[in-house]
Amino acid sequence: MAKSLSVAALTVLHAVATGTGHGFDIIDATALAGGTVYPALSRLERDGLVTSSWEAVEIARAEGRPPRRYYRATAAGVRVLNDSLERLHALKPVKAARSSRMERSRS
Amino acid sequence: MTTSPIINRVLWVLARVVPRADRVIWQQEWQAELCWLTERRPSRVQLARRLASAARHACWLRWHQGRVEMLADDLRHGLRALRRRPGYLLATVLTLGLGIGASTAVFSAAHAVLWRALPFPDAHQLVMVSSTLMDAPDAVSPGSASPPDFADWRAMSGAFDGLAAISEGGVSLVAGANAERVTGASVTGDFFPLLKIAPLQGRLLQQIDDPVGAPPVAVISDALWARLLNRDPEALGSTITVEGVPHQLVGIVPAALALPLDAEVWTPLRFTEQTLQTQRGAHYLTVVGRLAPGVGLDAARADMRRVTATIRETLTTESTASVVNLRDAFVGDVRPTFWLLLAAVGILLLVASVNVASLVVAQTSARRQDYAVRVALGASRQRLMRAQLAESGIVGVLGCLAGLVIASASSRLIRGFDDVAVPRLAESQIDWPVTLFAVAVTVGATCVVGIWPAWRLSRLREGMTGRRVLGTRATSRARKILVTAEIGMAVTLLIGAGLIGRSFLQMVNVDLGLDAPNVQTGSLSLPEAAYPPERRVSFVDTLLTSLAGQPGIDASAVVFGLPLSGFNYYISGYERDGVRVSQDDWTRSAVQVRVVGGDYFRALGIPIVEGRAFSDNDRRNQPPTIVINRSAAELLWPGERAIDRTFTVGTRLGLGGLRAGGTVIGVSTDVRDLGPAVAARPTIFLNYRQFPIDEMTLVVRGAGTMPTAAALQGAVRSLDPTVPLYRLRSMDRLRSRVVAEPRLYLSLIGLFALAAVGLAAVGIYGVLSQVVGSQTREIGVRLALGASRGRVAWQVTRQATTLAVIGIVAGSLLALAAGRLIATVLHGVTPTDPLTFALVAAVALTVTLAAAWLPSRRAASIDPARALQID
């Protein structure tokens with residue numbers, strides 16, 4: 001997977017990979033807007049990083065509601081997630097270097 | 001627990017947005033999600049926000065329905081598919097390129113002539129003001145105002161920021177060691193400020209140069225400065241000689257200015273008090289003006305009506321003034337012609353597009369199975385349509401490139417018609433507006449080419465072999481419709497070309513009233529300072545005598561106002577039979593005035609029908625005599641004998657008298673001196689000896705051969721080496737020049753019509769070949785059952801004939817509808833000319849039958865035994 005993921009997509013992928021199953025759970029878990037989460041899920045699925053499956057009909061019927069769609073990270077998804085996280089961790093915090101140089105030059 | 005009906009309703013609506021493939025899943029997922037949310041008793045805001053998420057998700061799915069990647073994919077597939085069929089690619093690209101190229105070339109010409117602004121700041125404010133007659137207010141032409149007109153207008157009208165007068169004409173110029181004959185103009189001091197022209201060097205002419213007696217100054221064009229003076233800055237302030245008079249060179253005019261067209265030297269135009277008093281009838285000035293801020297054309301016209309009404313109160317004049325946009329005045333009457341050309345080339349473009357569309361349709365039919373397989377494998381119809389459109393797009397882009405190449409080549413060709421008097425045509429070029437036009441045309445043509453075939457693909461259904469939609473029957477029906485449209489449009493073009501062709505033939509065959517072969521002409525101008533009137537007469541007498549003595553020369557003459565040269569010198573009558581012409585007759589007695597010397601009537605082969613021509617015995621100091629033409633005789637003395645009557649016009653010619661004219665000694669036949677399209681005008685001929693003017697054209701008839709230019713030049717040079725003979729033209733050349741403009745239009749429209757007919761013929765051939773190819777079996781069966789070969793061939797031919805007849809009828813109706821547009825360029829032919837319509841129908845039918853010949857023969861030569869074996 002050559003394309004790098006946006007932070008939002010990465011957050012969604014992370015939520016799915018850590019076991020958060022369906023859309024609104026992910027919205028709650030990530031605090032992202034719903035309008036961001038669903039397109040991100042669709043794209044991740046299209047790119048083969050997550051797959052989805054439908055809840056067994058019996059459970060849904062027993063609870064008197066429509067079956068839910070559950071998302072799961074694929075092996076490729078987990079690999080991309082870990083690669084991306086590693087790259088993110090490699091980035092260290094920085095001081096506000098630019099403004100301090102400006103101050104120096106002024107003084 | 002379930003979701004509320006309202007939420008379900010919203011979801012149902014939103015689901016329409018989702019692409020069909022994802023719709024069910026999307027709907028189920030969101031029902032589950034919202035149900036889950038409802039269990040938690042959300043606030044309305046929360047619910048609305050979640051529904052908004054659903055909407056965004058739906059939109060995202062629609063938007064990302066295989067967009068960018070798929071477009072690249074489509075293009076790649078399209079390229080690959082086209083590369084496999086180079087013949088098809090070449091045919092479509094060239095056909096489309098032909099249509100785009102031709103229309104772009106015509107557009108670039110029309111753009112240069114009709115729409116490009118004149119090269120002056122705020123050019124839209126510039127107008128031409130012309131003196132016209134009350135009963136012909138639309139007859140606007142340059143050089144139609146007289147000095148008193150101009151002075152009155154300038155004094156009395158408030159509609160203009162400035163008015164300037166121009167008097168143009170060739171001048172002989174000596175600058176440094178070089179002498180040259182150039183186009184020059186005398187202009188009033190307002191001229192350059194009014195056009196907002198800044199000098200390149202020095203200063204331009206100003207109002208301080210206007211008074212009579214002010215120092216003689218001149219300005220020259222940048223090109224002339226470079227040519228004669230090597231752009232020497234020191235030349236400013238030096239003396240150049242214009243028409244034998246020394247002028248101080250005070251400035252250089254930048255290159256952009258070409259007003260009057262091609263002028264290279266400008267001198268001050270000055271009016272004496274006497275001129276302003278007496279020269280009301282001398283219409284030789286072109287007046288340009290700049291509208292005052294906030295004054296529109298209509299306001300300026302109203303103001304000029306007021307001004308001329310005031311003038312009419314004090315004078316016996318019938319003139320009024322017209323105000324037209326300066327560019328329109330230059331372009332004048334070619335506007336309808338260019339619209340006609342644009343319409344014609346537009347039809348050609350349509351024919352080309354339709355032809356390509358027909359090819360594309362045939363292609364989709366040939367690839368029917370390919371499409372059926374793709375549908376069976378799950379390709380959506382949109383996907384097939386997109387692939388089809390991508391292919392058309394590639395063809396369109398390549399066609400556009402080919403079109404630009406063709407356009408720039410043919411643009412050069414159009415510019416090459418240098419004899420054509422279409423102003424500004426030479427400025428046509430492929431610039432940004434023209435390129436934009438080509439792109440727009442390409443987009444339009446690609447739509448025509450691509451959308452219908454793509455729409456046909458959209459009717460494919462899964463599990464269908466495509467036979468019903470793309471099968472031969474459906475395809476040949478589609479192609480037949482297209483080909484009929486092609487025939488119809490080709491017929492329209494043919495009728496247009498035919499009408500213009502007949503009109504052209506009539507013009508060429510019109511008897512102009514003079515005998516053009518073996519006549520050579522050249523103009524000369526005797527410098528006023530060195531040649532006072534008496535010396536002019538002796539110069540001309542000696543010149544004509546020396547020419548008459550040369551072997552091979554039959555007759556020689558001089559004339560002021562050579563026929564077919566565009567000369568226009570219309571003057572109202574002053575006295576007839578010694579009686580002042582009444583105000584009512586003022587307009588009606590206006591005649592064309594020419595001054596002739598030597599054997600003028602014999603030199604041009606104009607018969608004298610009554611009385612006699614001028615002879616050597618008509619001398620300078622005798623009472624003046626005139627010859628008139630038949631139209632003038634009928635105008636001035638209808639039904640009466642004209643010989644020995646007297647007539648004068650109010651103008652100063654030659655010797656400074658206020659009247660010109662005399663006793664009629666002869667009547668000549670009429671000459672169409674403005675060309676075949678304009679009727680002969682009443683004309684009076686003055687005797688050069690009695691009205692010796694300084695500017696004239698030498699006319700020499702050879703005995704059986706054309707006199708050489710060198711013979712004429714030699715005769716003039718031997719008398720005075722400083723007098724150049726310029727603008728050497730044979731009468732034959734002048735004669736062909738007056739029909740050059742119609743010839744250009746005829747060539748262009750004829751070319752378009754030929755191309756359209758060729759394309760239509762190819763279209764007919766293609767359709768019939770396909771029909772025959774697909775019916776091989778059927779024809780084989782029929783032949784096996786005993787049908788004659790002639791009958792089989794006839795069945796193919798009949799199909800073609802049906803298409804042709806429908807097309808001919810439709811095309812003829814279209815041509816009838818366009819009659820008014822075509823009529824603007826016709827002379828002597830009505831736009832409904834039955835002969836042309838019949839001829840075109842016959843031609844179209846013949847071409848159709850010729851195109852059908854090969855396919856019908858192929859059908860007739862089918863071997864039944866082999867045809868039946870075809871699977």
Side-chain angles (χ1 to χ4, degrees), chain A residues 1-13 15-16 19-73, chain B residues 1-5 7-12 14-15 17-70 72-73 380:
Chain A
M1 189 64 213
K3 246 188 285 181
S4 62
L5 296 170
S6 69
V7 173
L10 203 59
T11 314
V12 171
L13 180 56
V16 173
T20 315
H22 68 101
F24 283 5
D25 275 349
I26 298 170
I27 293 175
D28 290 347
T30 58
L32 288 169
T36 311
V37 168
Y38 285 92
L41 280 171
S42 294
R43 164 169 280 165
L44 289 170
E45 186 173 28
R46 207 187 57 200
D47 293 346
L49 302 183
V50 303
T51 61
S52 64
S53 56
W54 293 92
E55 188 181 31
V57 183
E58 295 78 23
I59 303 173
R61 200 174 295 148
E63 296 191 7
R65 56 176 173 78
R68 283 181 193 156
R69 191 179 187 183
Y70 284 101
Y71 291 89
R72 196 161 46 77
Chain B
M1 189 88 196
T2 50
T3 47
S4 75
I7 290 177
N8 276 336
R9 187 94 222 154
V10 174
L11 278 184
W12 184 86
L14 285 175
V17 179
V18 180
R20 196 190 292 265
D22 301 325
R23 195 172 293 162
V24 178
I25 293 178
W26 179 89
Q27 213 164 348
Q28 285 178 354
E29 178 173 14
W30 277 98
Q31 248 157 19
E33 297 285 44
L34 290 165
C35 180
W36 180 82
L37 185 68
T38 319
E39 283 170 6
R40 291 157 195 231
R41 313 217 161 274
S43 70
R44 278 188 183 185
V45 178
Q46 274 174 322
L47 199 61
R49 200 177 287 156
R50 292 294 150 103
L51 275 174
S53 306
R56 228 184 118 184
H57 188 202
C59 292
W60 188 90
L61 288 172
R62 163 65 68 180
W63 184 250
H64 283 80
Q65 189 197 6
R67 280 183 58 81
V68 181
E69 300 86 343
M70 280 171 112
D73 241 30
S380 69

What is the minimum heavy-atom distance between R56(B) and P39(A), and which atoms define it? O-CG, 4.5 Å

If every non-hydrogen atom of W54(A) is compared with every non-hydrogen atom of E29(B), which pair is closest and at what distance? CH2-N, 3.5 Å

Value for OG1 (T36(A)) from CH2 (W60(B)), rounded to nearest 0.5 Å, stands at 12.0 Å

Working to the nearest 0.5 Å, report the span between CG of D22(B) and CD of E45(A). 9.0 Å

Whatever's closer than 4.5 Å to a heavy atom in chain B on P67(A) counts as backbone

Region of S52(A) that comes under 4.5 Å of a non-hydrogen atom in chain B: neither

Which one wins on heavy-atom pair count under 4.5 Å against chain B: I27(A), L41(A), V37(A)? I27(A)

Is the number of heavy atoms from other residues, nucleotides or ligands within 6.0 Å of CZ (R23(B)) greater than 12? yes

Return yes if a side-chain donor-acceptor contact under 3.5 Å exists between E33(B) and Y38(A), otherwise no. yes

